[in-house]
Q: 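Mind having a look at this structure? Questions to follow.
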Amino acid sequence: MIQEGRVSVNGKDVYALPVMIDPAKDKVAIDGESIKLRDRTSERRIYILMNKPKGVHTTNVSQGEQTRAIDLLPPDFPRVYPVGRLDAESHGLLLLTNDGELTNRLTHPRYGVPKMYRAVIDGYITEKVLDELRNGIWLADPHQGKGFKTGRTQIKIAHRSRQQSVLEITIRETRNRMIRRMLARVGHKVRDLARVRMGTLTLHKLAIGEFRLLTAQEVRNLKKLPEGERPASPKPSRRPSRHE
């Protein structure tokens, strides 16, 4: 369109590429009609902390009657995206933002940002099984067609009885439904799973379904999170049995 002479900048037709403009100051028209420019460099960064309810999906892609996390925000709210996964059956802390750099830092395995979950499981979990989980267990990876070993995991017992155990689990890696799969692998079904912490953020006084803007200090704390220590990745191998 520029080479055809259909574009004008500040009232003057332009014909040669490149044409450099400042979206905040210059006026651009195509075929004599002004167009609205968006200056992405000055787009305000937004950081939302949400206590996601069960049944809400952490995707921006609309699929039928699914309720998405962004659907809980006010109409015409600026576009934001969920940071990481939190499956629909789980609830708890979810960060939404339009800051792509921070999203990468919080989700990329190299940084190992700690995330704490509270899991309610069936049955009495033994110390032997806890040690097994803490040291890493083998899970299948259907996308890669081979197994992988989970990293070292921090686990604290909040409650334990013959019928039910409540665990506080902190992991530094995130794969689809990983905590549910880890506990199922050692014979314990998850009845409830909530994320209660991400880095320095918690759900303090935030009820299910509520959300709020992060404070400036909270954003600074997230941006200066130190790089976590990643254990060496195991070489691809067969998945051993639990008795080996």
Side-chain angles (χ1 to χ4, degrees), residues 18-28 30 34-117 171-178 193-228:
V19 178
M20 309 303 291
I21 65 167
D22 182 345
K25 298 178 180 178
D26 293 326
K27 297 183 190 239
V28 178
I30 297 177
S34 296
I35 62 172
K36 185 177 180 180
L37 301 175
R38 186 177 181 186
D39 184 5
R40 293 184 178 272
T41 61
S42 62
E43 186 176 46
R44 186 169 73 94
R45 294 290 182 253
I46 300 172
Y47 308 88
I48 298 291
L49 179 64
M50 176 182 289
N51 190 343
K52 185 189 87 69
K54 286 184 179 180
V56 173
H57 295 257
T58 54
T59 176
N60 279 21
V61 179
S62 181
Q63 298 182 8
E65 298 299 318
Q66 289 182 354
T67 299
R68 305 164 298 172
I70 59 173
D71 294 328
L72 304 183
L73 300 174
D76 300 323
F77 196 85
R79 191 73 163 174
V80 290
Y81 300 86
V83 176
R85 295 188 181 103
L86 187 60
D87 65 73
E89 298 171 36
S90 302
H91 60 102
L93 192 153
L94 179 66
L95 182 63
L96 301 106
T97 183
N98 56 1
D99 187 336
E101 183 178 348
L102 181 62
T103 296
N104 180 64
R105 186 172 183 83
L106 294 176
T107 57
H108 197 287
R110 113 176 234 210
Y111 296 106
V113 175
K115 303 170 186 67
M116 179 186 289
Y117 297 79
I171 59 175
R172 290 181 177 271
E173 58 182 316
T174 52
R175 295 183 188 237
N176 190 31
R177 300 173 64 85
M178 194 174 83
L193 185 64
R195 183 159 63 199
V196 296
R197 180 184 291 271
M198 175 189 288
T200 54
L201 294 178
T202 68
L203 288 171
H204 180 61
K205 295 184 179 180
L206 197 64
I208 292 177
E210 290 185 346
F211 60 89
R212 65 171 177 82
L213 291 169
L214 294 191
T215 66
Q217 184 60 54
E218 286 173 327
V219 174
R220 286 193 292 270
N221 289 342
L222 284 177
K223 289 184 175 181
K224 67 182 182 182
L225 280 173
E227 182 174 334

Q: Flag the pair I70 / R79 as yes when at least one side-chain heavy-atom distance between them is below 4.5 Å, and no otherwise.
A: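 With C-beta onward as the side chain, the pair touches.
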Q: Are any side-chain N or O atoms of T107 and backbone N or O atoms of T103, one a donor and one an acceptor, separated by less than 3.5 Å?
A: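 Yes, because the side chain of T107 sits within donor-acceptor range (under 3.5 Å) of the backbone of T103.
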Q: Can you confirm whether D99 sits close enough to K223 that some side-chain heavy atom of one is under 4.5 Å from a side-chain heavy atom of the other?
A: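 They are in contact (side-chain heavy atoms under 4.5 Å apart), so the answer is yes.
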Q: Should L222 and Y47 count as side-chain neighbours, where that means a heavy-atom distance under 4.5 Å?
A: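 Result no, sub-4.5 Å side-chain heavy-atom pair not found.
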Q: If I take atom OG1 from residue T58 and atom NZ from residue K52, how far apart are they, to the nearest 0.5 angstrom?
A: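 Reported value, rounded in 0.5 Å steps: 6.5 Å.
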Q: Can you run down the side-chain hydrogen bond (donor to acceptor under 3.5 Å, both in side chains) pairs that involve residues 203-218, sequence neighbours left out, and say none if there aren't any?
A: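 Found R212-E218, T215-E218, Q217-R220, Q217-N221.
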Q: Is the shortest side-chain heavy-atom distance between L96 and V83 below 4.5 Å?
A: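 No. Closest side-chain heavy atoms not under 4.5 Å.
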Q: Check the pair E89, R177 against salt bridge (Lys or Arg N to Asp or Glu O under 4.0 Å), reporting the backbone distance first and the verdict last.
A: CA-CA 10 Å; E89 298 171 36; R177 300 173 64 85; 3.3 Å; yes
Q: Is there a side-chain contact between L214 and T97 in this structure, where contact means two heavy atoms from C-beta onward sitting under 4.5 Å apart?
A: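 Counting from C-beta outward, L214 and T97 never come under 4.5 Å.
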Q: With a 4.5 Å limit on heavy-atom distance, are the side chains of N98 and R45 in contact?
A: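 Yes; the side chains approach each other to less than 4.5 Å.
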Q: Going by heavy atoms in the side chains, are P53 and T67 under 4.5 Å from each other?
A: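 No, side chains not in contact.
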Q: State whether the side chain of N60 and the backbone N or O of A69 hold a donor-acceptor pair below 3.5 Å, judged by distance alone.
A: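 Absent.
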Q: Going by heavy atoms in the side chains, are L94 and F211 under 4.5 Å from each other?
A: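 The answer is no; the side chains never approach within 4.5 Å.
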